[in-house]
Amino acid sequence: MLLTFSRKKITTYFCSILLGIMGMYFLYKKFFLYPSEEKALKELIYAQQYLSQGLINEALNDKKIKINYLGFYGIVKKYPYTKAGNISKYYAGICYYKLGSYKESINMMKKFSAKDEILYALKYGLIGDSFAQIKNKDEALKNYIQAAKIRENEITTPLYYYKAALLTFSMKRYKDSKFFLEKIEKKYPSFLYKENVTKYLMFLEKKL
């Protein structure tokens, strides 16, 4: 009887905690997250407009230019847990890359999370590009391969295998380069740079 009573008390106790957590989460969404989403989205639209005009510094605004909006960097800092804050990490990564700030681009892209598999591939592709720019070829290669494998499709998969092929070619890893090029030749015959793939393969036949 006593054991049954204790179990009921424990069950009631945990149910109370659960209800409390659910209530707090509801209040958080209603009074903090939803208003933040709306504010962050408005800021995102402003930043996107500047980016579309090629005004990279203004779109990023990581130097806190005296203008009446946040920019991608400000959105990430002020609204990190919103959807707009998350996609701003992606845009900020692009801006940093265009400005030649490759380490900052890598750090920002690593923070970005994507459910869309194409965006996920582009994320790792840009990380690979940034590592290539700072001469870290091993990390660049690792990210190109990851970008290619995330979701096989006619656009991103052959593109990042092609980048992996060119990178391994520059590293004189000719067998690896041939491996990636043959993947493209066999599975992606309509690839944009198909002629280059054929030329590189012909050259590699003489090398190997």
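Any value given below was found using the heavy atoms of this structure, including those in side chains, with hydrogens, waters and symmetry copies removed. No experiment lies behind these values; they were computed from the predicted model shown.
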For this session: Look at atom NZ of Lys194 and say whether more than 12 heavy atoms of other residues, nucleotides or ligands are closer to it than 6.0 Å.
Result: yes
For this session: Check the angle between the aromatic planes of Tyr161 and Phe180 and answer parallel, tilted or perpendicular using the 30° and 60° thresholds.
Result: parallel
Exercise. Going by an N to O cut-off under 4.0 Å, is there a salt bridge joining Glu205 and Lys178?
Worked result: yes
Exercise. Is it true that atom CD1 of Ile155 has more than 12 heavy atoms of other residues, nucleotides or ligands lying nearer than 6.0 Å?
Worked result: no
Problem set entry | OG1-CD distance between Thr82 and Glu37, expressed to the nearest 0.5 angstrom | 5.0 Å
Problem set entry | Considering all heavy atoms, the nearest Ser170-Lys137 contact | OG-NZ, 3.5 Å
For this session: Report yes if the distance between the aromatic ring centroids of Tyr102 and Tyr97 is under 6.0 Å, otherwise no.
Result: yes
Exercise. Are more than 12 heavy atoms from other residues, nucleotides or ligands located less than 6.0 Å from atom CD of Gln53?
Worked result: yes
For this session: Quick one: sort the Tyr162 and Tyr193 rings into parallel, tilted or perpendicular, breaks at 30° and 60°.
Result: parallel
Seminar exercise, completed: When every non-hydrogen atom of Asp138 is compared with those of Met171, the smallest separation belongs to OD1-CE, 3.4 Å
Exercise. Would you say Phe112 has more than 12 foreign heavy atoms packed within less than 6.0 Å of its CZ?
Worked result: yes
For this session: Might you work through the ring-ring contact (aromatic ring centres under 6.0 Å, His included) test for Tyr124 and Tyr120, ending with a clear yes or no?
Result: CA-CA 7 Å; Tyr124 283 103; Tyr120 206 42; 5.3 Å; yes
Exercise. Ser177 side chain to Arg173 main-chain N or O, any donor-acceptor pair under 3.5 Å?
Worked result: no
